[in-house]
There are 4 protein chains.
Amino acid sequence: MKAKSRSAIISAALELFAKKGFSATTTDEIAKKGKVSKGLIFSHFHTKEDILLAIIDEEIDRFLPKFNQDDDARDPKEKLTSFMNGWLGLLEKEPLLILLSLRLNLDESWRKILRRKGKQYIEIYLKRMRDLLIQAGSKKPDLDCYLIGVLFDGIAANYIAAPEMFPLNDIKDYLIELLFSYWQNQK
Amino acid sequence: MKAKSRSAIISAALELFAKKGFSATTTDEIAKKGKVSKGLIFSHFHTKEDILLAIIDEEIDRFLPKFNQDDDARDPKEKLTSFMNGWLGLLEKEPLLILLSLRLNLDESWRKILRRKGKQYIEIYLKRMRDLLIQAGSKKPDLDCYLIGVLFDGIAANYIAAPEMFPLNDIKDYLIELLFSYWQNQK
Amino acid sequence: MKAKSRSAIISAALELFAKKGFSATTTDEIAKKGKVSKGLIFSHFHTKEDILLAIIDEEIDRFLPKFNQDDDARDPKEKLTSFMNGWLGLLEKEPLLILLSLRLNLDESWRKILRRKGKQYIEIYLKRMRDLLIQAGSKKPDLDCYLIGVLFDGIAANYIAAPEMFPLNDIKDYLIELLFSYWQNQK
Amino acid sequence: MKAKSRSAIISAALELFAKKGFSATTTDEIAKKGKVSKGLIFSHFHTKEDILLAIIDEEIDRFLPKFNQDDDARDPKEKLTSFMNGWLGLLEKEPLLILLSLRLNLDESWRKILRRKGKQYIEIYLKRMRDLLIQAGSKKPDLDCYLIGVLFDGIAANYIAAPEMFPLNDIKDYLIELLFSYWQNQK
DNA sequence: AATGAATGAGATTTCATTCAT
DNA sequence: CATGAATGAAATCTCATTCAT
């Protein structure tokens, strides 16, 4: 079945691109890891780059929409916690996608492609996050948005580098407490 | 002069490795940007990898020691501010080094080399940061150390991606206020 | 029906081999143009080369015999005119076959195959042409045979390159007049 | 020396492209015949196609200008003979270029490139040939131009296919006699 | 009979590295 | 020291052919 081999290639490539980077990954390695012949790769994708573009297209679609769900948590703290859990849960569920996107974000050209691709999602998330922050008591929601974004990126980079060492949950709990405490005290 | 061409190669390679990544950079490009012949590169360095190793060795030595200076700021807040200014100032002064180190940190093997190389520095900084945090009122200095590390990485990644858009100073001031406020209120 | 798909393949291959050349034509293209699957091509023909061999065999058989018919024109001029019309008419009716044979004649190995294949026909034509030329007044029928052969090839190459521009009929009429005039004046 | 290896590649490629065709020639063969490494080919030429483009550019320039020389032959017959000798001499001196150009003329896209490239030359030759034909007594110089072109192409194709068998000089002499005789008798 | 996914040998192209000058 | 032509191993990509369905 065509779809089967295609997804074998995609997932082999995702792992390799994420762990070694696009240029350092050879089509031989992809073929080997995906257990298909090199020729088959090029009957699915015109070029090596097209594999990465397909990953960006399809894998982003696969996991980003999950955030869309309206979460029904009642109070703001619970909502923010749930929001953060959603994000940080991805780190554990899809570390390869996160690692790949950290990588791609360092390349100007790929960053552009990612941005274009995720534009509508990013806007929705930013909007939701901003609403949440205001509900949670933030006086400077724009700055707090930046702060949360920065924290997510930083946490991702550190968690990816040493998942077993990094105190993901402690950091998360601490952050929520810290931010809420600050917002409360500003009132 | 030998040293001159060597540093031309190093700085050309630094820029390219940082912007495009190690594998995606060719020795031809380095030669062209460094305005030297390809042959000369290999009379200075045995392999392309050696150029990167030299960058790690020399450039890290070049900028890391600046943190060693005992800063004479009086109160803890000033000290932390100065410490953060030091770090974040690097983003503006040496964006290529920061970008390169963000990249290398995503690769397991390079990460190890970086860690080994920077071990003594990292330990000193962590120790100094911990002291600072305690002086500043942190009740959980270990968690705060992680937090600061995470913040630096996240800020770096976001600043590098769009230096002119990212409100570096606003974020820095906000963070200091936020952290101190939290620490104070915990007393 | 088996014969139907076979002839679809043959005629797709003929067009592509003629227009792009044997090596530059892929079996994918043949399949696409012939509206059959690639697999089917190889159930009809063992190799790509076999398709070309089949074209040579079958298509040459299909059109060469037409010259065999005894033409009943009375005087030599009419006969030669009819002979030339026969040849040159092929250019308009079967340009692909002509183009293909021009191509194959440039390749030593294919030329040999063509010669072997068409041997009996060629001999008959040469003989008939020689008779005709003698009847028409040629003093040097061997040289005139070469000349006619040369003219046919040259006309074919030029007509194929720009059918709508090339004054095929003017050239033909002019040639007949020129040759006959020369032969007459030699008497 | 760079120019030396370049011309080794060019002349190896010319021979192979002429004898086997562009698509049927591999870069391996070119490297082997030119006695250079495969890598060197691509430091001289970006793609295989570029080698052919360079041949078209440089080799055509190398031999076409020879026709430009004003020949000082006195009477029209001598002039035409000299003109034909020039053309047909090329067959013996540069059979590979002639064979290659016969091939390229069968491909629509290459034909266009050849035409574009040789445009100015072709126009000059056509003009000179027309003048010559008029001086020689031609009443239909345009048709005669076509005729001469056709003859050259046909002669080339036949000579190339079997140089030792084809009576090049006999044909040439016969043609001159035939044409002049016709033109004379028209007066 | 028919399909088109799959293969693998081989073609084109790239690039770190060497070496003659 | 310095150059850049040259190399060859390896990377990307193509395509005739096979084969499971």
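Computed over heavy atoms, backbone and side chain alike; hydrogens, waters and symmetry mates excluded.
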Test side chain to side chain contact (heavy atoms under 4.5 Å, CB included), reference C/L52, set C/I10, C/L100, C/I113, output is C/L100
The correct set of residues in residues 15-24 of chain B placing a heavy atom under 4.0 Å from DNA chain E is none
Ordered by number, residues from residues 25-33 of chain D within less than 4.0 Å of DNA chain E (heavy atoms) are D/T25, D/T26, D/T27
So A/L99 and A/F17, do their side chains get closer than 4.5 Å, heavy atoms only? no
task: Determine whether more than 12 heavy atoms belonging to other residues, nucleotides or ligands lie under 6.0 Å from atom CD of A/E108.
output: no
Detail all sub-3.5 Å separations between protein N/O atoms and N/O atoms belonging to nucleotides 3-5 of chain F.
{"residue": "F/dT3", "atom": "OP2", "partner": "B/S37", "partner atom": "N", "Å": "3.1"}
{"residue": "F/dT3", "atom": "OP2", "partner": "B/S37", "partner atom": "OG", "Å": "3.2"}
{"residue": "F/dG4", "atom": "N7", "partner": "B/G39", "partner atom": "N", "Å": "3.3"}
{"residue": "F/dA5", "atom": "OP2", "partner": "D/K2", "partner atom": "NZ", "Å": "2.6"}

With the side chain defined as heavy atoms from C-beta on, B/K48 is closest, among F/dA16, E/dA16, E/dT13, to E/dA16
Taken to the nearest whole Å, CZ/B/F42 to C1'/E/dT18 is 9 Å
C/L52 CG to F/dA16 P, in whole Å, measures 13 Å
Residues B/I160 and B/P95: closest non-hydrogen pair is CD1-O, 3.5 Å
In terms of heavy-atom contacts, B/I41 and B/T27 come closest through CD1-O, 3.7 Å
Heavy-atom donor-acceptor pair, [X] side chain to [Y] backbone, under 3.5 Å:
{"X": "A/K33", "Y": "A/A8", "result": "no"}
{"X": "A/K48", "Y": "A/F22", "result": "yes"}
{"X": "D/T25", "Y": "D/L16", "result": "yes"}
{"X": "A/R111", "Y": "A/L104", "result": "no"}

Rounded to 10°, the helix from E/dA2-F/dT21 to E/dT21-F/dA2 deviates from straight, judged by its five-pair end axes, by 0°
Are B/R103 and A/D107 within salt-bridge range, i.e. N to O under 4.0 Å?
yes
Sorted by chain and residue number, the side chain to side chain donor-acceptor pair (under 3.5 Å) partners of A/S5 (sequence neighbours excluded) come out as A/H44
Sorted by chain and residue number, the side chain to side chain donor-acceptor pair (under 3.5 Å) partners of A/T26 (sequence neighbours excluded) come out as A/E29
